[in-house]
Structures are given as structure tokens and as C-alpha cells.
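Shown next, in C-alpha cells, is the structure this report addresses.
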Amino acid sequence: MSPQPQPAPVPYMERTRNYYRALGYEDDYVWAHFEDAPFARPAKPLAAMNVALVSTAGPGDRSNRDARGRKQVWSCDAAAPPASLDTDLAWDREATHMDDRETFLPIEAMRKAAAGGIIARLARRFHGAPTDYSHRKTMEVDAPEILRRLREDGADAALLVAI
Amino acid sequence: MCHQTVSLVARHLEANGIPTVVLGSALDIVEHCGVARFYFSDFPLGNPCGHPWNPDMQAATVAAALRLIESATGPRTTVRSPFEWKPDPDWRGRYNRVRPEDREKLLAIGDARRIARGQPPRKEAPVRRG
């Protein structure tokens, strides 16, 4: 017996385009697109790596926002995550909830990976990547800042979790 | 926007010598952008690491994603998680759906959003008087 075919993934770009048109927006959002993709080969075995965790969640007190409300890169000691997180983002409020932090900021799962010898350790800080409509801000401001902080923490690799 | 954000950040890290893996649920957005390694969790947006309150699934998902850092041999490597979302066959069709009966409600949401963000009104928006 052949296995059941997997359902087609949700076409999020199309759904978003149709939704914003229904909200009355005339110009469709242009999603970032590149033909190529940079690829870094690991310089050491995974089991010897200090791996950083990057999420799109922010602190519950929204202290990552500037005076105009625009999000900035936020970093936090992985041993002391805040009690509440800002998850005011586009997630599926009909199908699920975000009450369990580990579903989108897997600090404990990363610790288990370290305890199990899959990685050497979780980097000392995790980082909140600001979501922004501007590709340019993400590429020219936020991504370089996250790179700088990962280097400060001696990270060899990174797991980036998208909400 | 979350998937585009982490994809752009991952590309920058890769270009600067740091291997990455993106863990997420919006396959089309991540692959449209183009990343080195993507572990695809076909779950509703919000829970890419596994079902809420299921630490075993979350640990297995994260471990599999991490292994991709070492096992991928080239860019645009996508691996799909074997886990299935809870018995709810309709979740894929519901997200951000636009039904004809919601048209007026959605236009009102859009108008309120433009006012809140200081954006110009849509051209056919009703003019407020008084």
C-alpha cells in the first residue's frame, strides 16, 4: 500500500496578498526573493558547536521598541527569559495558541540537545529579530546587529525560529 | 513577516561564515527568499517547534533541525518534519481566508488600520463628515 500523499502546504504569500486586497490595500507586498543562497560550511562538528537561538518574539514589556514603536534587536540571557513575551505577530489564532514558550522559543529543547551531545551548548543569550516590512532595515540594520551579537557570544552556528 | 525576517537574517549570517538553520512553517515564504537550510514544520503559524505542552515532540523537532546544520551539503536544503498537526483537517484552509460575506467587515478593519497607522484612506472609502 502506498503512503498517503502529504497535504499541500498553506500558500501564505497568496493568502496574505488576498487578505490585504480585501482590507482595501491596492499595492501588493513584495516579498524578498533571491536566486542564490549563501551557504557556510561548518568549521567544526555539530557536537562541538556553541549554537545561538534567534526568534521573532520580543519581550512582553515591549522594551525592544523605540520611541516610534519600531522594533530593534533584543537580546536576553538564556538562563533568565522574561515571564511574558510579545507575540503580537501573524500566527494562527484559530488553530492554536502561544501559551507554551517552547513552541516558538525552544530554550529547553536546545538544552536537551546540548545534554544529549547533539551540540556542545546553547549560546549564553538568545536574540529577538525585529519583524519589519522593510527588507532594507532587516538586511542593513538588524541582521548585521544580530551577527555582531552572535560573534560577541562566540556562536558557531544559529537556529532561527520563525513564529 | 516572521519567516521573511529570519530568512534574511540567516542569509546575512551565512554570508559572514555562520552556518544556520531556519525552523518554521511557511514553506513558500522561506523558499521564495532562499536560505541555506530550512527545517519545515507543517504546523499552523506559531508553533513550529511542536505541539504545545509536548516537550518530547519539541525536543525531537529541534534536534532534527540542528542536525541539518551538519548534514546539508548545499544551499536551499529543505527537510520536512515527520510530525503531523493535531486531528484538524481544515486548519490549512482557514488561515487568513477571505469569504465574500466578510467583505464589508474586512474593509472596515482595513480602514481602521490605515487610520491607526496614519496611512492615506483607500480611494473608495466613505468620507467621514462632521
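The chains referred to below are lettered A, B, ... by the order of the sequence lines, with proteins before strands, and numbering in each begins at 1. Worth knowing before you read on, the calculation uses all heavy atoms, side chains too, and leaves out hydrogens, waters and symmetry mates.
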Of the non-hydrogen atoms in [X] and [Y], which two are nearest, and what is the gap between them?
{"X": "Phe39(A)", "Y": "Pro75(B)", "result": "CD1-N, 3.5 Å"}
{"X": "Pro106(A)", "Y": "Cys49(B)", "result": "CG-SG, 3.7 Å"}
{"X": "Gly46(B)", "Y": "Met98(A)", "result": "O-CE, 3.6 Å"}
{"X": "Leu160(A)", "Y": "Thr20(B)", "result": "CD1-CB, 3.6 Å"}
{"X": "Gly17(B)", "Y": "Ala40(A)", "result": "C-CB, 3.7 Å"}
{"X": "Pro38(A)", "Y": "Glu14(B)", "result": "O-CB, 3.6 Å"}

Would you check if [X] and [Y] make a side-chain contact, meaning some heavy-atom pair closer than 4.5 Å?
{"X": "Val9(B)", "Y": "Thr138(A)", "value": "yes"}
{"X": "His12(B)", "Y": "Asp142(A)", "value": "no"}
{"X": "Leu8(B)", "Y": "His135(A)", "value": "yes"}
{"X": "Leu27(B)", "Y": "Tyr12(A)", "value": "no"}
{"X": "Glu108(A)", "Y": "Pro55(B)", "value": "no"}
{"X": "Tyr95(B)", "Y": "Arg93(A)", "value": "no"}
{"X": "Trp53(B)", "Y": "Glu102(A)", "value": "no"}

Among [options], residue most engaged with chain B (heavy-atom pairs, under 4.5 Å):
{"options": "Ala22(A), Ala129(A), Ala52(A)", "result": "Ala22(A)"}
{"options": "Pro144(A), Ala90(A), Pro11(A), Ala155(A)", "result": "Pro144(A)"}
{"options": "Ala47(A), Pro45(A), Pro9(A)", "result": "Pro9(A)"}

Considering only heavy atoms, which portion of [X] lies under 4.5 Å from any heavy atom of chain B: side chain, backbone, both, or neither?
{"X": "Leu89(A)", "result": "side chain"}
{"X": "Pro130(A)", "result": "backbone"}
{"X": "Val51(A)", "result": "side chain"}
{"X": "Ala8(A)", "result": "backbone"}
{"X": "Asp99(A)", "result": "both"}
{"X": "Asp156(A)", "result": "backbone"}
{"X": "Leu147(A)", "result": "both"}
{"X": "Tyr133(A)", "result": "both"}
{"X": "Arg151(A)", "result": "side chain"}

Toward chain A, the part of [X] with a non-hydrogen atom under 4.5 Å:
{"X": "Ala65(B)", "value": "side chain"}
{"X": "Asn16(B)", "value": "both"}
{"X": "Ala72(B)", "value": "both"}
{"X": "Ser7(B)", "value": "neither"}
{"X": "Gln119(B)", "value": "side chain"}
{"X": "Thr73(B)", "value": "backbone"}

Looking only at atom types and distance, does a side-chain atom of [X] sit under 3.5 Å from a main-chain N or O of [Y], one as donor and one as acceptor?
{"X": "Gln58(B)", "Y": "Ala109(A)", "result": "no"}
{"X": "Glu70(B)", "Y": "Pro42(A)", "result": "no"}
{"X": "Asp92(A)", "Y": "Leu45(B)", "result": "no"}
{"X": "Asp28(B)", "Y": "Met13(A)", "result": "yes"}
{"X": "His33(A)", "Y": "His32(B)", "result": "yes"}

### Task
Evaluate side-chain contact (heavy atoms from CB on, under 4.5 Å) for Leu159(A) paired with Val62(B), printing each intermediate quantity in order.
CA-CA 9 Å; Leu159(A) 170 70; Val62(B) 167; 4.1 Å; yes

More than 12 heavy atoms of other residues, nucleotides or ligands under 6.0 Å from [atom1] of [X]: is that the case?
{"X": "Asp27(A)", "atom1": "CG", "value": "no"}
{"X": "Arg80(B)", "atom1": "CZ", "value": "yes"}
{"X": "Lys86(B)", "atom1": "NZ", "value": "yes"}

Interface residue of largest heavy-atom contact number with chain A, from [options], under 4.5 Å:
{"options": "Gly110(B), Ala59(B), Pro52(B)", "result": "Pro52(B)"}
{"options": "Ala26(B), Ala10(B), Pro19(B), Ala36(B)", "result": "Pro19(B)"}
{"options": "Phe43(B), Trp85(B), Tyr39(B), Phe40(B)", "result": "Trp85(B)"}
{"options": "Asn54(B), Val98(B), Val21(B)", "result": "Val21(B)"}
{"options": "Gly93(B), Gly50(B), Gly34(B)", "result": "Gly93(B)"}
{"options": "Val22(B), Leu66(B), Asp42(B)", "result": "Leu66(B)"}

To the nearest 0.5 angstrom, please state how far the [atom1] atom of [X] sits from the [atom2] atom of [Y].
{"X": "Trp91(A)", "Y": "Ser25(B)", "atom1": "CH2", "atom2": "OG", "answer": "13.5 Å"}
{"X": "Gln4(B)", "Y": "Thr131(A)", "atom1": "CD", "atom2": "OG1", "answer": "10.5 Å"}
{"X": "Met49(A)", "Y": "Ile18(B)", "atom1": "CE", "atom2": "CD1", "answer": "10.5 Å"}
{"X": "Glu14(A)", "Y": "Asn96(B)", "atom1": "CD", "atom2": "CG", "answer": "11.5 Å"}

### Query
Quick one: does NZ or CZ of Arg113(B) land under 6.0 Å from the six-membered ring centre of Tyr20(A), within 45 degrees of the ring axis?
no

### Message
Within 45 degrees of the ring normal and closer than 6.0 Å to the centroid, is that where the cationic atom of Arg11(B) sits relative to Phe34(A)?
### Response
yes

### Message
Taking Glu94(A) first and then Arg97(B), would you say they form a salt bridge - that is, a charged N and a carboxylate O separated by under 4.0 Å?
### Response
yes

### Task
Any chance you could lay out the side-chain contact (heavy atoms from CB on, under 4.5 Å) test for Leu23(A) and Leu107(B), step after step, and finish with the verdict?
CA-CA 5 Å; Leu23(A) 293 184; Leu107(B) 283 174; over 6 Å; no

### Task
Please assess Glu26(A) against Arg122(B) for the test side-chain contact (heavy atoms from CB on, under 4.5 Å), listing each intermediate value before the final yes or no.
CA-CA 8 Å; Glu26(A) 294 181 353; Arg122(B) 63 186 163 91; 5.7 Å; no

### Message
Set out, in order, the CA-CA distance, both residues' side-chain angles and the distance that settles side-chain contact (heavy atoms from CB on, under 4.5 Å) for Val6(B) and Thr56(A), then state yes or no.
### Response
CA-CA 8 Å; Val6(B) 298; Thr56(A) 47; 3.7 Å; yes

